[in-house]
Amino acid sequence: MDRSDATFTLAYIVFTICVVFTPNEFRSAGLTIENIFSEWLGSEDIGFIQYHIKRTTLTVLIHSSLPLGYYIGMCIAAPEENLMYIHLASQGWQLYFGLSMAFQLLSFALVFHWSKNEWANHPVSKTIGIFALPQSSWRAVASSINTEFRRIEKFATGPPDARVIITDTWVIKVTIYRLFVTLQQDAHLTVIHSKQHDLSPDSRTPVQILTLTVASINPRVKSFDIGLNSAEYAELCEKLRSPVRNAANVVVHLTLSELFLETFKSQVEMNQVYRYTSGQELEPCIGCMQVSANIKLTRLCQGDGDGECQQCYCRPMWCLLCMGKWFASRQDQTRPETWLSSTVPCPTCRTKFCILDVCLVE
């Protein structure tokens, strides 16, 4: 193999890897199957199931053509091999061409089989067809999934080749070649593993990746694994109807904001209690309107004339959780080590206070 052959081979290997396992740089540039063939694929928001039937079909055809594409490229990169004329090529290249053509033709035959009966033989159609009622078909299930996917309150996370989507009724995992689907009411999610990464490329902070198994009580539904950032674990649990089991006793790390709220709550509980002497009942918290206001800001941290803190004369109007969220929202997000020692303005009158001035109301 001369220099030009080796260069093309190396370049084609990189190209193949980028096509099969598309890096973020390619996605940012729009060099993905989904983006290039977007007009034919249609909108995922309008027809989620139909979109992924087309996407997986197109992906199989394109990926199966990569071996044959290498042979065609070598016809140009290595003209001395006489690859344009199969009968003149070496026995090794003839065997490679035969296998590549067979692989390509097999993919076309597979896609033709999938397309029969209006795509009823496609793996996605068969996967969701399990949930069809006796007098119905996979299309009715597809319509249900499409409708719920269009709702904004769904939970969705993960990279494009391993997306996790949870709607009011369905738990879905999207991969390169297929979809995994199960009913929420039948699903049992179990944390089985966790992996700690010292640095996340997105947030530049440590990140914990959880692995959960999704099992169904329906024996016809295969179990599958999903990956999840621990920062999204609480949101996932809120969307699910049943609790997530922790078989491996994995300690799920909280987000930075959640950790701060836990610390904020612990510190406030150690502060001096404010005894509310007014005859009026405490009003609902104006932040969440869910619980009664139970926080009063009273300057306790330093003596008169020292520091930035000031006396706040507002009546109790906020709950502990909302005041903690307000405190965290006013911090420098790049310097979490300064959060507990900083001062912020009162959300009502703007007088400065610190965490030592936050008192629970009795």
Side-chain angles (χ1 to χ4, degrees), residues 152-153 155 157 200 203-208 228-241 243-244 246 251-362:
I152 60 174
E153 65 268 18
F155 173 82
T157 187
S200 168
S203 61
R204 297 184 179 180
T205 57
V207 62
Q208 181 189 28
L228 182 73
N229 189 324
S230 62
E232 300 172 308
Y233 181 76
E235 185 180 356
L236 171 77
C237 293
E238 289 180 2
K239 190 61 181 176
L240 294 172
R241 297 182 181 180
V244 178
N246 195 337
V251 177
V252 180
H253 297 173
L254 301 175
T255 65
L256 186 61
S257 297
E258 289 172 332
L259 287 171
F260 174 78
L261 289 176
E262 291 290 332
T263 306
F264 183 88
K265 179 181 177 181
S266 299
Q267 177 59 52
V268 171
E269 290 174 346
M270 291 189 295
N271 292 346
Q272 179 178 318
V273 175
Y274 179 84
R275 302 192 180 278
Y276 192 57
T277 56
S278 174
Q280 297 180 346
E281 294 185 0
L282 293 173
E283 299 177 355
C285 167
I286 64 174
C288 64
M289 301 298 292
Q290 300 296 319
V291 298
S292 297
N294 60 356
I295 289 297
K296 178 70 173 74
L297 300 180
T298 303
R299 188 180 182 192
L300 298 172
C301 57
Q302 300 180 33
D304 294 338
D306 296 329
E308 298 182 11
C309 295
Q310 302 168 323
Q311 178 59 45
C312 174
Y313 296 99
C314 299
R315 70 181 189 277
M317 302 173 65
W318 300 82
C319 69
L320 176 58
L321 181 60
C322 288
M323 185 61 73
K325 291 180 178 179
W326 166 261
F327 200 99
S329 69
R330 307 295 295 181
Q331 304 304 316
D332 183 351
Q333 302 300 311
T334 63
R335 300 179 61 196
E337 69 278 1
T338 66
W339 289 12
L340 290 175
S341 60
S342 65
T343 60
V344 302
C346 167
T348 307
C349 68
R350 304 301 177 181
T351 58
K352 291 291 186 69
F353 72 95
C354 68
I355 194 171
L356 298 177
D357 301 330
V358 183
C359 302
L360 286 171
V361 174
E362 278 191 357

Shortest non-hydrogen contact between Ser342 and Phe327, atoms and distance: O-CZ, 3.5 Å
Arg330 side chain vs Pro345 backbone, donor-acceptor pair below 3.5 Å: no
Minimum heavy-atom distance between Leu261 and Gly324, given as atom pair plus value: CD2-C, 3.4 Å
Side-chain donor-acceptor distances from residues 264-271 under 3.5 Å, at least two apart:
from, atom 1, to, atom 2, distance (Å)
Ser266, OG, Glu262, O, 3.0
Gln267, NE2, Asn271, OD1, 3.0
Asn271, ND2, Ile355, O, 2.9
Asn271, ND2, Val358, O, 2.9

Residues forming a side chain to side chain contact (heavy atoms under 4.5 Å, CB included) with Cys237, sequence neighbours excluded: Tyr233, Val244
Arg315: partners by salt bridge (charged side-chain N to carboxylate O under 4.0 Å, His left out), with sequence neighbours left out: Glu283
Any Phe353 side-chain heavy atom under 4.5 Å of Cys312 side chain: no
Nearest-0.5 Å distance that lies between atom CE in Met317 and atom CD1 in Ile295: 13.5 Å
Interatomic distance, Leu356 atom CG to Cys309 atom SG [nearest 0.5 angstrom]: 8.0 Å
Stepwise side-chain contact (heavy atoms from CB on, under 4.5 Å) test for Tyr274 and Leu360: CA-CA 6 Å; Tyr274 179 84; Leu360 286 171; over 6 Å; no
Salt bridge (charged side-chain N to carboxylate O under 4.0 Å, His left out) partners of Lys325, counting only residues at least two apart: none
Least distance between heavy atoms, Leu282 atom then Ala293 atom: CD1-O, 3.1 Å
Ring-face cation of Lys239 near Phe155 (centre distance under 6.0 Å, axis angle within 45°): no
Gln311 vs Asp357, side-chain contact (heavy atoms from CB on, under 4.5 Å): CA-CA, chis, key distance, verdict: CA-CA 9 Å; Gln311 178 59 45; Asp357 301 330; over 6 Å; no
Value rounded to 0.5 Å, distance of SG in Cys359 from NZ in Lys296: 8.5 Å
Between SG on residue Cys285 and CG on residue Leu320, distance to nearest 0.5 Å: 10.0 Å
Euclidean distance, Arg299 CZ relative to Leu297 CG, rounded to 0.5 Å: 13.0 Å
Residues forming a side chain to side chain donor-acceptor pair (under 3.5 Å) with Thr343, sequence neighbours excluded: Glu308
Separation between OH of Tyr313 and OG1 of Thr298, rounded to the nearest 0.5 Å: 10.0 Å
Non-neighbouring partners of Glu362 that pass side chain to side chain contact (heavy atoms under 4.5 Å, CB included), sequence neighbours left out: Val273, Arg275
